[in-house]
There are 2 protein chains.
Amino acid sequence: MLELRLVQGSLLKKVLESIKELVTDANFDCSATGFSLQAMDSSHVALVALLLRAEGFEHYRCDRNLSMGMNLNNVSKMLRCAGNDDIITIKADDGTDTVTFMFESPNQDKIADFEMKLMDIDSEHLGIPDAEYQAIVRMPSAEFARICKDLSSIGDTVIISVTKEGVKFSTAGDIGTANIVCRQNKTVDKPEQATIIEMQEPVSLTFALRYLNSFTKATPLSETVTISLSSELPVVVEYKIAEMGYVRFYLAPKIEDEEMNP
Amino acid sequence: MLELRLVQGSLLKKVLESIKELVTDANFDCSATGFSLQAMDSSHVALVALLLRAEGFEHYRCDRNLSMGMNLNNVSKMLRCAGNDDIITIKADDGTDTVTFMFESPNQDKIADFEMKLMDIDSEHLGIPDAEYQAIVRMPSAEFARICKDLSSIGDTVIISVTKEGVKFSTAGDIGTANIVCRQNKTVDKPEQATIIEMQEPVSLTFALRYLNSFTKATPLSETVTISLSSELPVVVEYKIAEMGYVRFYLAPKIEDEEMNP
DNA sequence: GATAACGAGG
DNA sequence: CCTCGTTATC
């Protein structure tokens with residue numbers, strides 16, 4: 001028996017909007033500690049990891065570990081039927097192969113329930129090692145989204161270079177080249193407007209903008225994004241979900257030979 | 001000679017936006033008592049009835065009954081040229097086959113007139129008997145519109161079931177099922193937010209969501225919608241037009257055999 | 001032409 | 001939070 005009640009239902013709506021472009025089918029894993037998902041994107045290049053900790057729910061009951069396979073587009077269709085201030089409850093009874101999403105309007109006048117069949121999905125649950133990163137950049141998520149969108153109108157890939165002074169995003173395409181430098185800046189009115197760089201050593205890596213632009217669909221989840229970089233390691237683009245967990249996106253850097261012969 | 005002056009011209013704009021998706025050509029009937037229209041939708045499944053009473057106009061002159069055939073898309077194109085706070089005058093001289101729409105800006109700085117050829121349209125004017133309905137639901141029009149839109153992302157038809165406690169909208173589709181229950185609620189801040197059920201006996205009927213979604217184009221006309229249901233009778237979805245009349249949509253329920261073999 | 005996504009205003 | 005008006009896209 002599973003019953004998870006989330007008062008801020010809009011959070012779940014945003015989570016699904018942020019990952020459904022990348023992942024079509026995935027298993028949602030429920031345990032006593034939380035609600036999580038890990039899945040490769042359909043072209044097996046990027047990886048999404050979602051965690052919503054049990055403490056973030058108003059009620060969290062999960063009697064035994066459960067892996068529920070769902071088509072994320074269908075989940076998204078159902079969640080779009082929830083109002084932004086609805087309370088969302090996810091239910092699954094033992095011995096059934098369905099999940100129910102229940103939406104309660106704030107004044108309890110409207111109660112909706114949506115039932116969906118679960119699917120069997122093979123998933124290799126990859127252990128993601130905690131790595132030490134050469135550089136970690138924290139910046140406003142809207143600014144990162146704007147940069148990725150802007151650069152993708154010039155080129156297909158971005159070189160992200162971090163030094164102590166700042167982070168540089170560079171691209172090149174048929175029509176020309178572009179460089180956007182964001183300087184470290186801790187002296188701002190609000191901490192979420194800061195750009196902060198924690199650097200062990202300078203690093204410069206190349207990524208496909210197409211995937212980064214998908215990642216930025218998570219921008220509504222957090223004012224801030226954290227980008228963790230190391231040579232030879234996948235970049236981690238993390239959006240924290242207040243009081244509950246995170247959505248993390250992983251993407252392997254392009255190696256230089258690939259850049260020359262795309 | 002016909003001359004109708006309507007200070008709140010935006011009303012007429014909204015009326016046309018609400019019915020033009022459903023009906024392409026129709027006769028506008030003018031008599032001493034008011035301005036009305038009755039037409040089937042192009043697939044002959046739904047019926048639209050409009051009434052604007054003479055008292056709602058600032059000037060209303062109609063010397064003899066007149067039936068003016070128009071293409072509603074063309075009328076809508078002209079009315080889109082009127083500002084939302086323009087005063088609209090509809091004119092037709094005897095012995096001509098044209099109608100003139102005149103738009104005056106509030107400060108009288110701009111006066112526009114648009115003349116349109118009338119068309120001959122066969123129309124069987126159906127007498128719509130005043131029926132007793134088993135259940136009449138009054139609810140906020142925006143809420144009804146939201147429900148119809150949400151459910152149509154899951155299924156094609158909706159079962160509307162009314163009991164004393166509330167009204168339930170249910171659908172089923174490939175990805176799952178959905179039920180939305182609205183409880184009767186008279187204790188709200190504003191009367192137009194109430195959901196009120198007048199029920200003689202419980203009723204449950206099935207309708208095509210496609211048509212209901214067209215009906216909800218009339219939502220801007222009224223904060224409130226009234227849904228009148230009886231077994232074997234077409235549902236009536238009514239949007240009252242303040243001080244003037246109404247737009248009513250009629251749609252026959254699907255019978256169960258049709259549900260099974262669509 | 002209609003819907004979706006975005007940004008501004010109430 | 002919702003509504004509107006606009007734009008972009010199919």
Side-chain angles (χ1 to χ4, degrees), chain A residues 6-22 72-73 76-88 103-110 140-150 152-153 210 213-221 223 242, chain B residues 9-11 13-14 16-25 41-43 71-86 139-154 156 188-190 192-193 208-225 239:
Chain A
L6 181 63
V7 167
Q8 199 183 343
S10 60
L11 263 187
L12 200 61
K13 293 180 58 152
K14 288 179 195 164
V15 163
L16 261 110
E17 293 301 314
S18 77
I19 62 181
K20 83 186 168 74
E21 182 174 309
L22 225 41
L72 297 197
N73 254 309
S76 165
K77 274 187 189 169
M78 292 188 166
L79 291 180
R80 280 174 183 228
C81 302
N84 275 327
D85 45 3
D86 281 3
I87 298 165
I88 296 182
F103 311 142
E104 299 166 67
S105 66
N107 61 12
Q108 304 282 320
D109 280 352
K110 192 173 87 171
S141 58
E143 192 171 337
F144 177 64
R146 177 67 196 261
I147 289 168
C148 292
K149 176 171 155 284
D150 285 351
S152 64
S153 71
R210 180 187 146 202
N213 272 315
S214 286
F215 301 171
T216 63
K217 294 286 187 283
T219 303
L221 279 169
E223 301 259 307
Chain B
S10 60
L11 263 188
K13 294 179 57 151
K14 287 179 197 164
L16 261 109
E17 293 301 313
S18 77
I19 62 182
K20 83 183 169 74
E21 183 174 308
L22 225 41
V23 178
T24 54
D25 302 311
D41 84 295
S42 29
S43 54
N71 174 294
L72 297 197
N73 256 309
N74 294 344
V75 178
S76 164
K77 275 184 191 170
M78 292 191 168
L79 290 180
R80 280 172 186 230
C81 302
N84 274 327
D85 43 8
D86 281 4
M139 65 190 292
S141 59
E143 192 170 336
F144 178 64
R146 173 72 195 256
I147 289 168
C148 291
K149 177 173 154 283
D150 284 349
L151 292 187
S152 63
S153 74
I154 311 289
D156 298 327
V188 286
D189 294 345
K190 300 177 189 167
E192 55 269 27
Q193 296 168 339
L209 280 163
R210 183 189 144 198
Y211 292 101
L212 296 184
N213 272 315
S214 284
F215 300 170
T216 62
K217 294 285 188 284
T219 303
L221 280 169
S222 173
E223 301 259 306
T224 299
V225 65
Y239 296 85

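Naming convention: chains lettered A, B, ... in sequence-line order (proteins, then strands); numbering from 1 in each chain. As the structure is a prediction and not an experimental result, all values here were calculated from the model.
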Exercise for the section: State, without any angle test, whether B:Glu192 and B:Thr224 hold a side-chain donor-acceptor pair at a distance under 3.5 Å. Expected result: no
Practice task
Quickly work out the A:Glu17 CD to C:dC6 P distance and round it to whole Å.
Solution key: 10 Å
Exercise for the section: In plain terms, say whether A:Glu17 and A:Arg80 are close enough for a salt bridge, that is, a side-chain N and a carboxylate O under 4.0 Å apart. Expected result: yes
Practice task
Would you kindly say whether A:Asp86 and A:Ser105 are connected by a side-chain donor-acceptor distance under 3.5 Å?
Solution key: no
Exercise for the section: Calculate the interatomic distance between B:Asn74 atom CG and C:dG1 atom P; express it in whole Å. Expected result: 10 Å
Exercise for the section: Nearest-nucleotide wise, let me know which of A:Asp85 and B:Pro220 is further upstream toward the 5' end of DNA chain D. Expected result: A:Asp85
Handout entry: Interatomic distance, B:Lys20 NZ vs C:dA2 P [rounded to whole Å]
Key = 5 Å
Problem - B:Lys149 vs B:Asn73, nearer the 5' end of DNA chain C by closest nucleotide - result: B:Asn73
Completion exercise
Taken to the nearest whole Å, CG/A:Leu11 to P/D:dC1 is 11 Å
Practice task
Can you tell me the distance, in whole Å, between the CZ atom of B:Arg80 and the P atom of C:dA2?
Solution key: 8 Å
Exercise for the section: For the residue pair B:Ser43 and B:Tyr211, establish whether any side-chain heavy-atom pair is separated by less than 4.5 Å. Expected result: yes
Handout entry: For atom CD1 of A:Ile87 and atom P of D:dC1, their distance in whole Å
Key = 13 Å
Exercise for the section: Report the distance from atom NZ of A:Lys13 to atom P of C:dA5, rounded to the nearest whole Å. Expected result: 12 Å
Exercise for the section: Mind calculating the distance between CG (A:Asn84) and P (D:dC1) to the nearest angstrom? Expected result: 6 Å
